[in-house]
Amino acid sequence: MSESEDVRARLRRMRGQAEDLEKAAEQASDPSERRRLQDEAHRLESQSVQVSGMASGDIYPME
């Protein structure tokens, strides 16, 4: 597997995990657990955007 394929696979995993966390947050009855799951999903989404930008050659990471 090439480096670009590794990055794409990693991004798919991260985005899939974020989606799973969002779904779990929708199902959570405890507000603090819902918020924790949403925060983790947003962290993964932000991280995937940053990894994607860096893989495309963008030298300025998203903040």
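In this chain, numbering begins with 1 at the start of the sequence shown. Values below: every heavy atom of this structure, side chains too, minus hydrogens, waters and symmetry copies.
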Determine, for Arg43 against Asp39, whether the closest basic-nitrogen to carboxylate-oxygen distance falls under 4.0 angstrom.
no

| So how far is it from Gln47 CD to Ser52 OG, rounded to the nearest 0.5 Å? |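 Reported value, rounded in 0.5 Å steps: 12.5 Å.
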
Rounded to the nearest 0.5 Å, how far does CG of Leu11 lie from CD of Gln50?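 Those atoms lie 11.5 Å apart.
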
(message) For Ala28, give me all partners under side chain to side chain contact (heavy atoms under 4.5 Å, CB included), at least two apart in sequence or on another chain.
(response)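 Glu33, Arg34, Leu37.
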
Let me have the donor-acceptor pairs involving side chains of residues 12-22, under 3.5 Å, with sequence neighbours excluded, atom names and distances please.
from	atom 1	to	atom 2	distance (Å)
Glu19	OE2	Lys23	NZ	3.3
Glu22	OE2	His42	NE2	3.3

